[in-house]
Protein chains: 2
Amino acid sequence: MFPLTLESLSRADADAHVAYPIFKLVCDATQARPVNPPRPGSQCDHCVVHWACLASAIPYGQRDGLDRMVHTWRRIAKGAPLFRAGDSFHALYAIRSGSFKTVVSHPHGISRVTGFHLAGETLGLDGIADSHHSCDAVALEDSTVCSMPFHCIEALCHDIYPLQHRLHQLLAEEIVHESRLMLISRLTAEARVAAFLLNLSGRMQERGYSSSSFTLRMTRREIGSYLGMQLETVSRLLSRFQREGWITVSGRNIELTDKAALAVL
Amino acid sequence: MFPLTLESLSRADADAHVAYPIFKLVCDATQARPVNPPRPGSQCDHCVVHWACLASAIPYGQRDGLDRMVHTWRRIAKGAPLFRAGDSFHALYAIRSGSFKTVVSHPHGISRVTGFHLAGETLGLDGIADSHHSCDAVALEDSTVCSMPFHCIEALCHDIYPLQHRLHQLLAEEIVHESRLMLISRLTAEARVAAFLLNLSGRMQERGYSSSSFTLRMTRREIGSYLGMQLETVSRLLSRFQREGWITVSGRNIELTDKAALAVL
DNA sequence: CGCATTTTTGACGAATATCAAAAAAAGTGG
DNA sequence: CCACTTTTTTTGATATTCGTCAAAAATGCG
């Protein structure tokens with residue numbers, strides 16, 4: 001017979017001291033993925049995060065499709081929603097600048113931050129399920145997004161196979177990301193906060209910022225909601241990491257001074 | 001200014017005594033979704049869960065596409081994997097009979113059950129992200145699945161828009177499902193177990209079984225892994241629910257005798 | 001029938017939540 | 001630009017849920 005224990009399924013064969021992406025780095029698919037440059041003069045020309053965008057799946061020969069897909073920009077003020085749960089869905093959004101949180105709520109009053117999203121990432125995929133958004137997307141700072149009407153995307157998918165495939169990938173990556181995220185509930189609060197800082201660090205680096213010194217755009221409460229703990233616990237752990245000499249905290253400014261120490265938690 | 005607190009985002013406006021699907025009922029999209037019957041003589045003829053299957057998105061006029069898509073059946077013995085994390089991805093699987101668990105693992109040795117899947121549900125979506133599966137899918141009992149090679153699906157999507165749209169929906173539903181699942185970490189262990197039982201109850205009913213009396217196909221340990229608690233806690237809570245007169249437990253046989261009581265936890 | 005696995009139950013401990021209050025930072029309006 | 005208010009953050013003291021350890025009972029499988 002086959003042993004059905006959980007232990008038999010955990011591949012505990014790796015070096016425990018290697019930092020491993022519990023939080024999948026959202027843009028790690030760029031390694032193997034075709035990234036087509038935008039046509040000069042198009043909406044996407046000079047966009048610093050084109051490399052991460054769904055639109056980069058459109059090959060050079062069909063570049064006019066890009067302008068059919070990427071319609072308008074929107075400016076979202078800090079604290080304002082890009083969309084809210086229940087809103088009818090009609091477009092995907094590429095974050096051009098700034099950052100967002102997504103929040104899932106339950107009528108009983110509980111809610112949880114399900115993600116923090118940086119420039120280049122795509123918002124709104126949840127709305128495809130039943131043409132209504134299932135979460136709130138709120139700007140953490142003044143931000144800009146590109147709207148890509150979903151009916152345009154689906155129409156273009158018919159003609160441009162790489163776009164269709166990229167959309168499928170994007171959706172599946174979100175599924176994988178979320179299932180990986182569920183693993184954090186098995187970590188101590190300490191390990192969760194460390195993993196969170198390292199994840200953010202990597203994503204800042206991908207965007208050309210320092211990986212060791214950056215500003216948190218979210219509150220301790222939001223971090224706690226995302227990681228499944230109370231804000232006080234987040235605060236205490238950041239303080240302790242600082243006492244240990246692993247980080248320097250000053251309000252929302254973080255400096256990672258010993259990433260290796262964080263990685264082994 | 002816009003208040004950025006979490007509280008401001010939780011729509012705590014609903015009756016707290018109404019049972020609400022924290023666990024999204026996986027097949028609730030059937031309400032509005034077109035379900036096309038299989039052509040007599042096709043692979044899908046007489047399949048009792050055709051209504052829930054991706055193949056049901058293929059309209060009557062293009063029914064031969066269905067046979068191009070649904071290639072082969074596979075029999076999976078209890079405890080055997082349908083696929084494992086790292087396996088290369090080439091097909092989606094529709095569960096024709098039986099049930100599965102999916103398990104995500106981390107090299108450090110931690111792992112978590114991310115879902116229990118019943119007949120009619122689709123497995124393997126995670127593999128689309130990078131052509132490799134990111135979780136294990138293991139049969140909880142002797143089961144059968146239909147293989148749908150993904151390149152066939154993508155090719156058919158080009159000709160059959162309803163299929164393309166349904167695939168997008170299926171992927172997005174999985175995203176929504178997982179983000180809803182993250183909310184359970186904010187519930188007490190008690191409320192999680194109650195929600196789990198009610199969710200299973202509803203899904204059994206959708207499949208024509210009794211919603212008040214059914215057999216758990218998974219161990220207490222697997223339930224605990226799914227709900228983020230220890231097996232002892234699951235066991236203790238089931239015992240307590242029985243003492244309270246809300247359920248009757250006999251090993252893996254469960255009878256829900258007071259669903260309303262479970263719903264308010 | 002006998003061994004392995006799963007389940008139950010108890011006692012105890014530890015991690016984290018909760019409550020509280022002060023300090024710091026950010027936003028507001030004159 | 002500065003006082004004023006509100007929000008966020010920090011830190012301590014205490015409470016509590018749930019995890020851990022252990023052992024017996026029940027179940028399932030070859």
Side-chain angles (χ1 to χ4, degrees), chain A residues 1-9 77-80 101 110 112-113 138 140-142 184-194 215-243 247-254 265, chain B residues 1-9 77-80 101 110 112-113 138 140-142 184-194 215-243 247-254 265:
Chain A
M1 73 151 286
F2 291 89
L4 208 54
T5 64
L6 294 175
E7 287 70 23
S8 72
L9 292 171
K78 177 175 178 176
K101 66 172 176 180
I110 63 176
R112 184 162 174 184
V113 171
V138 179
L140 294 174
E141 59 193 305
D142 290 350
I184 68 161
S185 72
R186 301 214 142 249
L187 302 176
T188 62
E190 176 182 77
R192 293 182 213 184
V193 174
T215 300
L216 301 175
R217 305 249 94 114
M218 67 293 286
T219 66
R220 303 286 192 264
R221 181 188 291 273
E222 287 163 337
I223 296 172
S225 173
Y226 180 59
L227 297 176
M229 66 188 71
Q230 295 304 110
L231 63 133
E232 294 95 327
T233 307
V234 175
S235 177
R236 268 185 253 272
L237 287 168
L238 290 176
S239 300
R240 214 180 80 214
F241 289 177
Q242 175 158 246
R243 271 201 305 282
I247 69 176
T248 308
V249 202
S250 173
R252 299 201 182 170
N253 294 108
I254 297 277
L265 290 182
Chain B
M1 71 149 288
F2 292 89
L4 208 53
T5 64
L6 296 174
E7 287 71 23
S8 71
L9 293 172
K78 176 175 178 176
K101 66 172 176 180
I110 63 177
R112 185 163 174 184
V113 171
V138 178
L140 294 173
E141 59 192 306
D142 291 349
I184 68 160
S185 73
R186 301 215 140 247
L187 301 177
T188 63
E190 175 183 77
R192 293 183 212 184
V193 174
T215 300
L216 302 174
R217 307 249 89 118
M218 67 294 285
T219 66
R220 303 287 193 262
R221 181 188 291 273
E222 286 163 337
I223 296 172
S225 173
Y226 180 60
L227 297 176
M229 66 188 72
Q230 296 304 111
L231 63 130
E232 294 94 328
T233 306
V234 176
S235 177
R236 268 186 255 270
L237 287 168
L238 291 177
S239 299
R240 213 179 80 213
F241 289 177
Q242 177 159 243
R243 271 202 304 283
I247 67 176
T248 308
V249 203
S250 172
R252 299 202 182 170
N253 294 107
I254 297 277
L265 289 182

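Hydrogens, waters and symmetry mates are skipped; everything else that's a heavy atom, side chains included, is used. Below, read A as the first sequence line, B as the second, and so on, with proteins coming before strands; counting in each chain starts at 1. Please read these numbers as outputs of a predicted model, since none were measured by experiment.
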Backbone N/O of B/Gly228 and side chain of B/Arg192: donor-acceptor pair under 3.5 Å: yes
Check: A/Ser250 side chain, A/Asn253 main-chain N or O, donor-acceptor pair, under 3.5 Å: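 A pair under 3.5 Å: no.
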To the nearest Å, give me how far apart [atom1] ([X]) and [atom2] ([N]) are.
{"X": "B/Leu216", "N": "C/dT6", "atom1": "CG", "atom2": "P", "value": "15 Å"}
{"X": "A/Leu227", "N": "C/dA15", "atom1": "CG", "atom2": "C1'", "value": "16 Å"}
{"X": "A/Arg186", "N": "C/dA15", "atom1": "CZ", "atom2": "P", "value": "17 Å"}
{"X": "A/Leu237", "N": "C/dT16", "atom1": "CG", "atom2": "P", "value": "8 Å"}
{"X": "B/Gln230", "N": "C/dA11", "atom1": "CD", "atom2": "P", "value": "20 Å"}
{"X": "A/Ile254", "N": "D/dT9", "atom1": "CD1", "atom2": "C1'", "value": "12 Å"}
{"X": "B/Leu187", "N": "D/dT17", "atom1": "CG", "atom2": "C1'", "value": "14 Å"}
{"X": "B/Asn253", "N": "C/dT7", "atom1": "CG", "atom2": "P", "value": "12 Å"}

Atom pair CD1 (B/Ile254) and CG (B/Leu238), whose distance is rounded to the nearest 0.5 Å: 5.5 Å
Determine the minimum heavy-atom distance between [X] and [Y], stating which atoms define it.
{"X": "A/Val113", "Y": "A/Ser225", "value": "N-OG, 2.8 Å"}
{"X": "A/Ile184", "Y": "A/Arg112", "value": "CD1-NH2, 4.1 Å"}
{"X": "B/Leu187", "Y": "B/Ala191", "value": "CB-CB, 3.9 Å"}

Per-nucleotide protein contact string for nucleotides 10-15 of chain D (B base, S sugar-phosphate only, - none; heavy atom under 4.0 Å): BBBB--
Partners meeting side chain to side chain contact (heavy atoms under 4.5 Å, CB included) with A/Asp142 (sequence neighbours left out): A/Ala77, A/Lys78
Step-by-step side chain to side chain contact (heavy atoms under 4.5 Å, CB included) determination, A/Leu140 to A/Glu222: CA-CA 10 Å; A/Leu140 294 174; A/Glu222 287 163 337; 3.9 Å; yes
Bend angle of the helix from C/dC1-D/dG30 to C/dG30-D/dC1, from helix axes over five pairs at each end, nearest 10°: 70°
Selection from C/dG27, C/dT16, D/dC18 that lies nearest to any side-chain heavy atom of A/Thr188: C/dT16
A/Thr219/A/Arg252 under side chain to side chain contact (heavy atoms under 4.5 Å, CB included): CA gap, chis, key distance, verdict: CA-CA 8 Å; A/Thr219 66; A/Arg252 299 201 182 170; 3.2 Å; yes
OP1 or OP2 of D/dT9 under 4.0 Å from side-chain N/O of A/Arg252: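 It does, given that an N or O in the side chain of A/Arg252 lies less than 4.0 Å from OP1 or OP2 of D/dT9.
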